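In what follows, a structure is listed as structure tokens, so that the remarks can point back to it.
Just so you know, these numbers come straight off a predicted model, no measurement behind them. Naming convention: chains lettered A, B, ... in sequence-line order (proteins, then strands); numbering from 1 in each chain.
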Number of protein chains: 2
Amino acid sequence: MSSEGSAGTLRRRTKPPTSSSNRTSSRLSREDWINAAKTMLVESGIDGVKVDLLAKRMNVTRGSFYWHFEDRDALLDALLHLWEASNTEPMLAAIKAAGARGDREDFDATVGRLWIDETEFDPAFDSAIRDWARTDPDVAEAVHRIDDIRVAAFAEMFKSYGFTGDEAEVRGRIIYYHQVGYYTLGIRESSAERKRLGALYDKVLLY
Amino acid sequence: MSSEGSAGTLRRRTKPPTSSSNRTSSRLSREDWINAAKTMLVESGIDGVKVDLLAKRMNVTRGSFYWHFEDRDALLDALLHLWEASNTEPMLAAIKAAGARGDREDFDATVGRLWIDETEFDPAFDSAIRDWARTDPDVAEAVHRIDDIRVAAFAEMFKSYGFTGDEAEVRGRIIYYHQVGYYTLGIRESSAERKRLGALYDKVLLY
DNA sequence: CGATTTCCATACACTGCTGTATGGTCATTG
DNA sequence: CAATGACCATACAGCAGTGTATGGAAATCG
């Protein structure tokens with residue numbers, strides 16, 4: 001990613017199991033390392049993802065890491081791919097569902113829910129990746145690509161709500177940019193506060 | 001900031017000139033180092049701000065740095081204080097001016113201008129500080145404090161536009177969060193595009 | 001103009017982190 | 001049950017970055 005991390009072409013002696021996420025086993029899988037790296041990325045930023053600290057946290061030595069990955073860049077590569085694969089499909093599905101019947105009453109139950117319970121969509125992961133993108137052009141390209149897709153989905157939703165092309169586009173941007181900013185700032189309002197003002201948010205953003 | 005950077009109590013042998021930003025002189029001032037660090041923060045993030053790289057860029061050795069600053073944390077401290085001092089007053093003034101006559105026609109000429117010409121307000125600096133805040137609690141506290149002040153100012157503006165207390169608060173958040181997200185994502189739209197959709201943005205956000 | 005202060009260079013010690021080489025220990029399979 | 005492969009420990013080399021000690025040159029002041 002930073003120097004020569006191009007694609008997922010890792011040469012190793014043999015092939016380790018690419019699936020089978022057995023976290024409880026004493027032996028670690030490639031996915032275990034990636035998941036630990038994700039946690040560390042969220043906590044400390046991309047420069048905080050260091051293999052020796054990861055190994056210490058997982059109670060193994062770095063020898064394990066360098067069997068599963070060619071080098072540190074390969075891990076970062078895998079992290080970015082994990083984000084692309086996991087953190088966009090659920091959101092698109094929800095937006096599509098919200099616009100399906102063209103009824104704005106569905107919005108909170110489909111899209112809004114994503115940012116509340118945080119089970120399908122992980123805003124902290126999103127935010128951490130976005131930080132990373134600020135200083136890494138390759139990551140920035142990927143994030144931009146995903147952002148465009150998400151905004152387009154919101155624009156489609158607003159079209160099904162009856163807005164014109166241009167206004168649907170603008171409203172798509174506003175609701176998405178607002179959501180990104182909301183989490184970039186870090187939410188601190190109580191759930192009572194959010195519930196009290198929820199209707200007003202919908203009024204401004206949706207109508 | 002990270003370990004023991006508490007306040008601005010630096011002990012040095014004597015007192016160097018705290019102002020007089022003579023960048024053209026062959027001798028460097030404390031402010032020169034801070035400004036260079038700011039550039040580096042925007043380019044590479046807080047972990048990219050390293051004293052040896054800074055010295056190399058300024059064509060001096062690290063010996064100079066350790067005369068002006070006690071350690072690296074002192075520089076980061078100064079960076080945060082620079083941001084608080086420089087990147088909030090102009091914005092508050094503009095928002096206040098926008099709400100002064102209670103006329104929404106003034107908005108683009110006062111507040112909107114800030115994000116366009118980027119002379120008084122520096123969005124890239126803002127964005128870089130916000131990244132830093134994600135992984136540093138002390139910085140997060142400072143950013144939260146400033147954000148609250150800015151949102152409150154926007155809410156006041158909307159009150160002068162005739163909105164009720166709650167709706168003014170919500171609209172203040174929306175327009176500010178949206179702006180933060182806008183720059184967090186990284187703007188790519190052409191100025192023609194922005195001009196074409198400008199009226200629609202105002203319609204949704206201001207009316 | 002001599003003396004003090006300001007600013008920077010040089011050299012050194014030290015730590016954190018990466019990557020590599022190699023051997024050991026389980027588990028699995030023929 | 002011997003052999004192979006999967007997974008990890010150990011040890012080493014090396015670089016990047018911080019901080020410190022000290023001396024030297026340039027500016028400034030009495």
Nucleotide of dC8(D), dA9(C), dT18(C) approaching Val60(B) most closely (side-chain heavy atoms):
dA9(C)

Round to a whole Å and report the spacing from CG of Leu28(B) to C1' of dA26(D).
14 Å

Out of the candidates Tyr183(A), Phe154(A), Tyr201(A), only one should pair with His178(A) under the ring pair (Phe, Tyr, Trp, His ring centres under 6.0 Å) rule; please name it.
Tyr201(A)

In whole angstroms, how far is the C1' atom of dC15(D) from the CG atom of Leu53(B)?
13 Å

Take the protein atom CD1 of Ile46(A) and the nucleotide atom P of dC17(C), then report the distance between them rounded to whole Å.
15 Å

Given that Gly63(B) and Val51(A) both sit by DNA chain C, which one's nearest nucleotide is further toward the 5' end?
Gly63(B)

Nearest-neighbour nucleotide for the Ser64(B) side chain, dG19(C), dC8(C), dC8(D) considered
dC8(C)

Between His68(B) and dC8(C), is there a contact of a side-chain N or O with OP1 or OP2 at under 4.0 Å?
yes

Whole Å only: how far is the CG atom of Asp52(B) from the C1' atom of dC14(C)?
15 Å

Sidechain-backbone polar pair: Asn35(B) side chain, Glu31(B) backbone, donor-acceptor under 3.5 Å:
yes

Run the salt-bridge test on Arg130(A) and Asp126(A) with the 4.0 Å N-O cut-off and return the result as yes or no.
yes

Whole-Å gap separating P (dT18(C)) and CH2 (Trp67(A)):
20 Å

Expressed as a whole number of angstroms, how long is the span from Lys50(B):NZ to dG17(D):C1'?
7 Å

Tell me whether the side-chain N/O atoms of Arg27(B) come closer than 4.0 Å to OP1 or OP2 in dC7(C).
no

d(CG, Asp71(A); P, dC17(C)) in whole Å
17 Å

Under 3.5 Å donor-acceptor, Arg57(A) side chain and Leu53(A) backbone
no

Has the side chain of Arg62(B) got a donor or acceptor atom sitting under 3.5 Å from an opposite partner on the base of dG19(D)?
yes

Which nucleotide wins on minimum distance to the side chain of Tyr66(A), given the candidates dT18(C), dT20(D), dC8(C)?
dT18(C)

Rounded to whole angstroms, how far apart are CG on Leu75(B) and P on dG17(D)?
15 Å

